[in-house]
Amino acid sequence: MKTSYLLNIKTLKRVVCLVALSSLMPIQVLAVSTATQHPTLVVNQQDVVTMRAAIKQPGLFKQAFTEKKQHVDHYIKQPIIVPIPVDAGGGYTHERHKKNYQHMYDAGMMYQLTQSPVYADYVRDMLLQYAVLYPTLPLHPKRKSRNEGKLFWQGLNEAVWMVYTIQAYDFIYDSLSVEQRKQIESGIILPVADFLSVQSPHTFNKVHNHGTWATAAVGMTGFVLDKPELVEVALLDLSKSGKGGFLRQLDELFSPDGYYNEGPYYQRYALLPFVTFAKAIEQNQPERKIFEYRNDILLKAITSTVELSYNGLFFPLNDAIKSKGIDTVELVRAVSIAYGLTNNNDLIDIARQQDHILLTGDGLKLAQAIDQNTPSKYAFDSRVFLDGKNGDEGALVVMRQNAPNAQAVVFKATAQGLGHGHFDKLTWQFYDDGAEIVSDYGAARFLNIEAKAGGRYLPENITWAKQTVAHNTLVVDETSHFDGEVKRGNANHPDMVFYHHDDTATLASAVIDTAYNNVTFERTMALVTLPKSQAPLVFDIVDVDSSTAHQYDLPVHYQGQLIDTNFARNASVNTLKALGEANGYQHLWLRATATPKAANDKSSSLAQITWLNDNGRFYTHSSIATSEQQYLFTQLGANDPDFNLRNENSFIQRVSGAKQHQFVSVLEPHGEYNPSAEYTLSATSKLTSLNYQRQDDISVISFQMKTASDTDSTYVLAINHQQTKIDAERNNKLTNSFAYNNKQYSFSGRYQLLEINK
């Protein structure tokens, strides 16, 4: 009797929620057809006609169809398993429900392409099992914070499940009886939509990627079930105020350049619900012109995600898993949809690299373009991606050499990036010859590996990966930017000073005065190709100013094996100790210390550190070392009893008790090591001297490079720091003058590179 009573209460609550969802306050809406034609989301009826014809013709599309059909034919013979959820991310039940939605989607597509009822029956039978299970489920036993789920540990996964499942239901809709539709819609489709929206307003109305997935799931459900009300709340939020919802997310989560404020890793993840729901809107409500919304913001988001990669992998900004790249399913779908809308031939090159053809109308168009050997070469060029919804919250600058796997510098002067952001204002990374050279750790997480904290972010994500010392930027007094407070970080951002790009050099500068109290630092970076040089140089100037004395640390995290330094090191050979006690320092073993200049020598010297990367190239970091400057050589792994952290290397330039300081350095790729052929070329740096002066707004860097004839060539790089809008024409109007060796020089534009002959 008691059990029956509880079941009735659960049923009553479910009915009340469904009534609430279907009777939200109406507003004027755009019409949705009262006689929906299925399929109606990402694939329409005309797509199905052309795809059915294509699978009978030789080509990539038929090949993709044949491979997918073999896969589907295999698993539909297996028993359907819809388990009671018990596991967190990576556990059996979690992964089973993920496989189920993918299997339903693929089987539904097979039904559309082959018209064989066996595929529709498979999806129907699985949905009927879910319709029985779902009404009995409490919140997940391992639910995560407020974003709880029922089928999954977090509501985010529930929304992902629904985005795929509603498409599968759309594919088989016409094969079902009225009674079967009633069972499926009342038992699983509408209850999940209700849970994601009415029962989870804190997520559904939130401007965040979790909200994007939820609104996409509910809005697409509205199209399939012919319920305009669901579409409207998905677009505008539950109260239809416009303070949340899909359109508000388009307004706030992307900058005018299509940069997503959490970084490319989460931009890639959020793209799938954005473009999938947008495609459904385009199919059902073309009058909204959703892909033209906010000056084509979604199309810009797709191309910017592509461009925020190197050698196929995304730049690991903020909470990023470093193995994710342009071949992820989210970007495959996005590129396919973008090509279907624009016929932009540049995207064909990306599709070739992705090597994955979708069984959609847009996927067919791409497959045919590849089959026809349509010329395509995606131009990865230097670019600045403004951050913030209005483009006024800093920027991400990508400096590239125009050649495959050539050098690239990533200069991160962006806003915080919400809870997934790291405390790394004005950090940088360097790539060369297809490899990461000066690196960022990314996230401390083993995604979906249950043995490692259930697949969640590890504790070390907070104690190490997010902390400032884990990045290649300034640390003051061994504390992190904004004291490691996300709220403060979100409220402040760097300001761009300038950006300039031409065939010889790409330069950018940014400044921030809010990362630390009473400390301002400006960082200027340049990727410069010298005459007759095969590899460019990376110039780095960090100018720190405060009215009080501080300890300034500037780390460089590098990938490779230390080869040599041009100064003596005092190494710890028997015992190791952690460099500090908190803010990430507790995770760094102190391996060696060095002071390149004697304490009583007030001049400066050239300090050089050379390492060898796995790509077989040497890299030398040359910096101006003063008598106050110390070098600390560290290795990651201290205070890590669970072996969660990778053992990576870094060195730190440290200056103590200083109010102002300039860190000036040059990174130089050189030489080759070939262990197979047993030869080594140019293993030592060609840079023999480095000097720096600041003359008002002009930085003057002079340096000497050894030539093939073993003589030194002297170069001067002058940079104007006058702040301007990011506008190349305006930059070219700058006029400048500076002195070098008692001689006056003048130039126009942002910089001047001179070779001084004796």
Side-chain angles (χ1 to χ4, degrees), residues 13-27 29 32 41 101 134 137-140 143-167 185 188-225 227-254 260-262 266 269-278 280-281 285 288 290 293 389 418-420:
K13 287 182 178 179
R14 181 162 55 88
V15 171
V16 169
C17 290
L18 293 178
V19 171
L21 185 61
S22 62
S23 61
L24 291 170
M25 184 180 298
I27 67 168
V29 299
V32 178
L41 296 173
Y101 72 63
Y134 197 79
L137 293 180
L139 293 177
H140 197 283
R143 56 190 177 272
K144 181 181 178 184
S145 64
R146 293 186 67 203
N147 184 24
E148 60 269 357
K150 289 185 174 182
L151 284 173
F152 298 91
W153 63 323
Q154 56 179 346
L156 169 63
N157 302 101
E158 208 109 334
V160 176
W161 184 93
M162 189 61 169
V163 165
Y164 280 89
T165 299
I166 194 60
Q167 293 179 80
E185 290 176 16
I188 183 66
I189 301 295
L190 280 172
V192 174
D194 179 71
F195 177 76
L196 293 174
S197 55
V198 173
Q199 297 182 50
S200 307
H202 48 281
T203 298
F204 190 79
N205 291 336
K206 190 176 184 179
V207 180
H208 186 271
N209 80 74
H210 291 196
T212 307
W213 279 99
T215 55
V218 171
M220 291 165 67
T221 300
F223 284 131
V224 174
L225 302 190
K227 293 184 179 294
E229 184 73 14
L230 297 188
V231 178
E232 291 303 305
V233 298
L235 291 171
L236 299 172
D237 78 23
L238 287 171
S239 65
K240 291 181 275 194
S241 67
K243 294 180 180 179
F246 187 75
L247 296 179
R248 187 62 177 268
Q249 291 160 2
L250 285 176
D251 288 336
E252 295 197 5
L253 289 179
F254 294 102
Y260 186 76
N261 70 353
E262 292 181 296
Y266 274 94
Y269 185 65
L271 264 185
L272 194 147
F274 270 118
V275 300
T276 304
F277 187 26
I281 295 169
Q285 297 180 347
R288 284 193 184 274
I290 192 67
Y293 186 81
K389 63 180 181 179
L418 306 178
H420 286 299

Trainee: The criterion is side chain to side chain contact (heavy atoms under 4.5 Å, CB included); which residues satisfy it with N205, sequence neighbours excluded?
Mentor: P201, D237, L238

Trainee: By salt bridge (charged side-chain N to carboxylate O under 4.0 Å, His left out), which residues pair with R143, not counting sequence neighbours?
Mentor: none

Trainee: Which residues satisfy the salt bridge (charged side-chain N to carboxylate O under 4.0 Å, His left out) test with K150, sequence neighbours excluded?
Mentor: none

Trainee: Any non-hydrogen side-chain atom of L151 less than 4.5 Å from a side-chain atom of N157?
Mentor: no

Trainee: Who are the side-chain hydrogen bond (donor to acceptor under 3.5 Å, both in side chains) partners of Y260, not counting sequence neighbours?
Mentor: E262

Trainee: Roughly how far, to the nearest 0.5 Å, is the CZ atom of R248 from the CG atom of L236?
Mentor: 11.0 Å

Trainee: Only counting residues at least two apart or in another chain, list the ones meeting side-chain hydrogen bond (donor to acceptor under 3.5 Å, both in side chains) with E148.
Mentor: none

Trainee: Report the residues that fulfil side-chain hydrogen bond (donor to acceptor under 3.5 Å, both in side chains) with Y101, sequence neighbours left out, ordered by chain and then residue number.
Mentor: none

Trainee: For F274, give me all partners under ring-ring contact (aromatic ring centres under 6.0 Å, His included), at least two apart in sequence or on another chain.
Mentor: F246, F254

Trainee: For L271 and Y266, run side-chain contact (heavy atoms from CB on, under 4.5 Å): C-alpha distance rounded to whole Å, both residues' side-chain angles, the deciding distance at 0.1 Å, then the answer.
Mentor: CA-CA 8 Å; L271 264 185; Y266 274 94; over 6 Å; no

Trainee: Hey, could you give me the CD/CZ distance between E158 and F152, rounded to the nearest 0.5 Å?
Mentor: 7.0 Å

Trainee: Show your working on side-chain contact (heavy atoms from CB on, under 4.5 Å) between M162 and Q167 and close with a plain yes or no.
Mentor: CA-CA 8 Å; M162 189 61 169; Q167 293 179 80; over 6 Å; no

Trainee: If you measure from the Lys or Arg side-chain nitrogens to the Asp or Glu carboxylate oxygens, is any gap between R288 and E232 under 4.0 Å?
Mentor: yes

Trainee: So, for L247 and Y293, which heavy atoms are closest and what is the spacing to 0.1 Å?
Mentor: O-OH, 3.9 Å

Trainee: Over 60° means perpendicular and under 30° means parallel, so tell me whether F195 and Y134 are parallel, tilted or perpendicular.
Mentor: perpendicular

Trainee: What are the two closest heavy atoms between A280 and L41, and how far apart are they?
Mentor: CB-CD2, 3.7 Å

Trainee: Could you go through K240 and E229, starting from their C-alpha distance and side-chain angles, then the distance that decides it, and tell me whether this counts as salt bridge (charged side-chain N to carboxylate O under 4.0 Å, His left out)?
Mentor: CA-CA 10 Å; K240 291 181 275 194; E229 184 73 14; 2.6 Å; yes

Trainee: Ignoring hydrogens and angles, write down the donor-acceptor pairs under 3.5 Å from the side chains of residues 212-222, residues two or more places apart or on other chains.
Mentor:
unit_1: T212; atom_1: OG1; unit_2: H208; atom_2: O; d: 3.2
unit_1: T212; atom_1: OG1; unit_2: Q249; atom_2: OE1; d: 3.1
unit_1: T215; atom_1: OG1; unit_2: G211; atom_2: O; d: 3.0
unit_1: T215; atom_1: OG1; unit_2: T212; atom_2: O; d: 3.0
unit_1: T221; atom_1: OG1; unit_2: A217; atom_2: O; d: 2.7

Trainee: Can you name the nearest heavy-atom pair linking N147 to T203, along with the distance?
Mentor: OD1-OG1, 3.5 Å

Trainee: To the nearest 0.5 Å, how far apart are CZ in F204 and NE2 in H210?
Mentor: 15.0 Å

Trainee: Go through L156 and W161 one step at a time and tell me if the side-chain contact (heavy atoms from CB on, under 4.5 Å) criterion holds.
Mentor: CA-CA 9 Å; L156 169 63; W161 184 93; over 6 Å; no

Trainee: As a quick check of understanding, evaluate side-chain contact (heavy atoms from CB on, under 4.5 Å) for L272 and V160, giving each step before the final call.
Mentor: CA-CA 9 Å; L272 194 147; V160 176; over 6 Å; no

Trainee: With side-chain contact (heavy atoms from CB on, under 4.5 Å) as the test, pick out the partner of I281 among T276, L235, V231.
Mentor: L235

Trainee: Using side-chain heavy atoms (C-beta onward) and a distance below 4.5 Å, is D194 in contact with L190?
Mentor: no

Trainee: Would you indicate whether the side-chain heavy atoms of K389 and D251 approach each other to under 4.5 Å?
Mentor: no

